[in-house]
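The block underneath contains the structure these notes are about, expressed in C-alpha cells.
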Amino acid sequence: MGDRREPTMRIGALAARLGVSVDTLRAWERRYAVIAPARTAAGFRLYSLADEDTIRAMLGHMEGGLAPAQAAGLARGAAPAPLANEGRLDLLRAELLAAFLSFDAVEAHRIVDEAVATFALPTVINDVWLWCLREIGDRWASGTATVAEEHFASAVIRERMLGMGRDWDAGHGPRALLACPVGERHDVGLIGLGLALGRLGWRITFLGPDTPTESIRAAAANLQPSVVVISALTPAPLLRDAAALQELAGAFPVVLAGPGAAHVVAEELGARVVAGDPVAAARDVAAHLPGSEVVARPA
Amino acid sequence: MGDRREPTMRIGALAARLGVSVDTLRAWERRYAVIAPARTAAGFRLYSLADEDTIRAMLGHMEGGLAPAQAAGLARGAAPAPLANEGRLDLLRAELLAAFLSFDAVEAHRIVDEAVATFALPTVINDVWLWCLREIGDRWASGTATVAEEHFASAVIRERMLGMGRDWDAGHGPRALLACPVGERHDVGLIGLGLALGRLGWRITFLGPDTPTESIRAAAANLQPSVVVISALTPAPLLRDAAALQELAGAFPVVLAGPGAAHVVAEELGARVVAGDPVAAARDVAAHLPGSEVVARPA
Amino acid sequence: MGDRREPTMRIGALAARLGVSVDTLRAWERRYAVIAPARTAAGFRLYSLADEDTIRAMLGHMEGGLAPAQAAGLARGAAPAPLANEGRLDLLRAELLAAFLSFDAVEAHRIVDEAVATFALPTVINDVWLWCLREIGDRWASGTATVAEEHFASAVIRERMLGMGRDWDAGHGPRALLACPVGERHDVGLIGLGLALGRLGWRITFLGPDTPTESIRAAAANLQPSVVVISALTPAPLLRDAAALQELAGAFPVVLAGPGAAHVVAEELGARVVAGDPVAAARDVAAHLPGSEVVARPA
DNA sequence: ATAGGTTTTGTCAAGCTTTTGTACAT
DNA sequence: ATGTACAAAAGCTTGACAAAACCTAT
C-alpha cells in the first residue's frame, strides 16, 4: 500500500516539508526538469514521496556547495528509490544480478554487504550468490550474457567467500581438506561448502582449483584430515586420474561433491557422495564425520 | 462485542467528537465521497465508528499538510488489505516461536530469513517479530516459559533488526535521533520504529537503550535532527529526568513512543505522542515532519 | 555510479572546499595547466572530485615547502601511493574513530567492512573495535567526548559483532552459554569472546546483558552447555547474587570473564577465571574444555 | 587586482482558475 | 437536510528583475 510513488502532496505541502518556497520549486521544475509531478484534472501539481526524495538529494548536494543546476543533474540521475519492499530477497538478488551484468563491482560489494547483514550465511550462499551465478549461466545459455559477465560475477563472489573464510582453519574441530581436481577450475561451490562446514566447527584447508591428485595426497599426508572433499562440475576430471584418487580414498575418507559427483564414479573410486547444494552437502559431511564417536547429547 | 460498523452517531455527535463542523462533514461527503453514512427513516445521517476512523485518518493526513481532497483520497483507499499468504504467516511464526522456546538459533535464523524473503518489512516487524515476543511474554506470565526464552528471543530478533538497519542513516531524508531514556532497556520496539521510518526515506541515528538525557542532547546538538524519538515501556523513566527532557523538547521536536508515552507525560514535557505499534508510530512521525508546520487550519 | 571524474562543482564550490581563492584557481590553471576543468554550455568551469584530488596534492607539496610551479608539476603526474598492511591498521582505526565522533554510521559501517575484509577476526575485535571503544572512553575521561559518542559507537560495534555471530550456534562443537549478570549492561567484550570461541568451533548461546541468574540456570538446564561464561566489568554484579551463582557453579562449569572477574570472587563462587582480552579469554576457555577428552591431534 | 560583460537563480507581479470552509435560503 | 452561493486561500502561467557568481582581458 504505502507506495512511495503515489502522488499526494500539493505544492504548498511539499514546499513546507522541504523548507523551500513554492516559486523555487516551480522554477526548478521548469529550468532543470528535475521532477515531473503528476497533475490533478484542474492542473494542480501533485507530488509523490519519491519526488520529495529527489528534491532532498538535490538539496543535499547544494548544501555541499554545488550550484542548483549541477545538484539537479545529480539528483535526477541518481533516483533509484524503487523499494517495492515486498520480498527483500528477490529485490536484493535482482539488484546484485543487475550490478554483475553492468560490471559494477562497487555496487555489487555494497549489495553483498547488505545481503550478509540481512540474511544468515546459508541463505546468502545458496539463495543469493549461487542463485546469481546460475542466473548468469542461464543468460549465457540463452545468449543474453557473455562469458565475461560470468567471469566477473564469480570473481567478485569468490573474493567475498574467501574473505569470509579467512580464519576457517582456526580452532580444534575436525579438519577437512578441500580441492578441485586437475581440469576443474570452478571452485565457488566448493568454497561455499567450506564456509558452511567451517561454521559447523570444522577446520578447513583449501587447496583451490585445478589441483593435481599428488598435491592433494601430499597435503593429506601432512595434515591427516578427517575428510577430503573433492568437487567437480562433471565426472570427467574425476575419472581422468582415477587410479590415484582410488589410492587416496584408500588412505583417507574421500567425499565427492558437486554436479559431477556421480554415484558410479564414487563407487569406482571407493568414495562417498554428498549431494545437493553446498550448504546441504556440508551438513551431510558433518553428519557423517568418519571414524567418529558422535557425542550424542540428549536434548 | 460492539461492531465497529454499526451506525449509531448522528452528525452532531460525530462533529463534536472530531472537532469538525457539521457543514464541513456534509461537504466532505458530497465532494469526496469519503464516507457514505446510513440514514434513519426520516433521512438523518447515522455514522459508525468505522466512519469515524476514516475521517480521523483524513484529518491525520491534513495535519501532515495534505489538502482535503488528497487526504480524503488516501483515507478512502486505506483499507486494512488482508494478506494473501495468511496461512503462511501463521505457520512461519509458530515455527519461529518453537525455535525460540527450544533455544535453537540456527533454526530461528532460517525462519527469519524465510519471513524476510516472503513478507514486507512492516509485516515482519509487527506480525512476526513483535508477535513472537508478545507470545513469549504471555507464556512467561502464565508460567509456561521463563525469562531465559524471552532474553534469548529478543537477543536474536534485536540482532536481525539491527542488521537490517545497517544503512538506515544513508540518503538525504530528514534525520531522526532515536534513544531510550535511562532505566529503559527494551529497545526492540524503537528499533522497529527506526526501520519503518528508514523505509519512509528518513535517516536514522540510533543511540540505543539506557541513554542519559545529556547524551541525547549532545548528539542532537551535533546532528540537528528533524525529530528526536524517545521510547519507554512505562512512564517512569521519562519522568525521572523530566527537567532535562523538557529542555530538550524546547530545543528540538521531541516525540514519545512506546506504551509508556502517556499524554499526561508528553504534555508536561512539551513533547508529542505517537501511539500504536512501531510501524504505525513511524508513519505518524513521518506524516508530521516538524519544521514544516503547516499551521493549523481552523476547525 | 559515484564517478570521481564527473564534473559537478563550479569554481566557487571548489574554492570553498579547498580554502583557495577563485582567482588563484584560475591563475594556476592558466599558468601551470594542473587541471583542465570541463565547461558548461555558457562557459562556466565545472570541476570533478578528481580535479579536487589533484589540487589537494599540489597544496600538500606546497605545504612541504615547494614553490607552486614545482608543486603543480608533481601534482599533475601524481598517483596515490598504496599503503602497507601495517600503517593500514592505524589509518583504518583512526578513520573509524573519526566516524564515531561525528555520528556517521554509514561511514563507520564502510570502514568496518573494509577492516573485516582486510584483517583476521581477532585483530578486528581487539585492535579495531575494542581499541576504538577504549579510545572513546579515554576521551570521555578527559572531557574531549561525551557519553553520546560512546553510546553510538558501542551500538554500531555491538550490531556488527552480533551480525558476525549470527550462526555461531551451528555445528556439533562443545556448547558455551554466555550471559552478563543482573546489573551488568556492557556485553561487548562478552560478544567478542563468543565470536572468538565460535571461530574455535564452539557453539554459542548468547543470553545478553542483565540476565537474572535464574534465567541462566534455566537455559543451562535446557542446553546442558560444556561451560557457562559470565562477564562483568566490576565484581559487584557477581557478588549480588552470589548464592545462586554458587549453586549454578555446582551444577555446571562456570567461567568468569571481564575486568570484574576477580580471583577472590571466583574462589568464593567455585568458578574459574579467564583473564586478558576477549580473544585470549576465549582461547583460555577452549584450552580447558571441562570434562573433556582433549583429542590432541599432532599438527 | 580591477573593469566590464554574461549567466544563473531566487523572488515577485499580474491576471486568472480551483479549492474549500462557511453562510444562507428553501 | 439539501442546494446554492461566496469569499479567502492556494494554484497556475508568463514574464521580469536584481543580486550573486562567473567569464575574459587588461
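Proteins get letters first, then strands, A, B, ... in listed order; numbering begins at 1 in each.
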Between atom OH in Y32(B) and atom P in dT19(D), what is the gap in whole Å? 9 Å
How close or far is atom P of dT19(D) from atom CE of M9(A), stated in whole angstroms? 19 Å
Taking ring-ring contact (aromatic ring centres under 6.0 Å, His included) as the definition, give me every residue that meets it alongside H109(A), ordered by chain and number, with sequence neighbours left out. none
Sequence-distant partners of D284(B), salt bridge (Lys or Arg N to Asp or Glu O under 4.0 Å), two or more places apart: R272(B)
Which whole-number value in Å describes the distance from L25(B) CG to dT20(D) P? 15 Å
OP1 or OP2 of dT20(D) under 4.0 Å from side-chain N/O of W28(B): no
Got a sec, which pairs hit salt bridge (Lys or Arg N to Asp or Glu O under 4.0 Å) with one end in residues 7-17 of chain C, sequence neighbours left out? R17(C)-E52(C)
Contact class for S21(A) vs. all strands (heavy atom < 4.0 Å): base, sugar-phosphate, or nothing? sugar-phosphate
Quick one: on DNA chain D, does A27(A) or A69(B) contact a more 5' nucleotide (nearest heavy atom)? A27(A)
How bent is the helix from dA1(D)-dT26(E) to dT26(D)-dA1(E), comparing axes over its five end pairs at each side, to the nearest 10°? 30°
My understanding is that only residues two or more places apart in sequence, or in another chain, count here; which of them pass side chain to side chain contact (heavy atoms under 4.5 Å, CB included) with A15(B)? V22(B), L25(B)
Quick check on dT11(D): is either OP1 or OP2 less than 4.0 Å from any side-chain nitrogen or oxygen of T24(A)? yes
Can you list everything that forms a side chain to side chain contact (heavy atoms under 4.5 Å, CB included) with E267(B)? Sequence neighbours excluded, please. none
Contact state string [nucleotides 12-26 of chain E, B base, S sugar-phosphate only, - no protein heavy atom under 4.0 Å]: SB-------SSSB--
Is there any side-chain hydrogen bond (donor to acceptor under 3.5 Å, both in side chains) pair reaching into residues 27-43 of chain C, and which pairs are they, with sequence neighbours excluded? E29(C)-R45(C)
With D53(B), which residues qualify under side chain to side chain contact (heavy atoms under 4.5 Å, CB included), at least two apart? R4(B)
Using 30° and 60° as the class boundaries, would you call the ring planes of F100(C) and F152(C) parallel, tilted or perpendicular? perpendicular
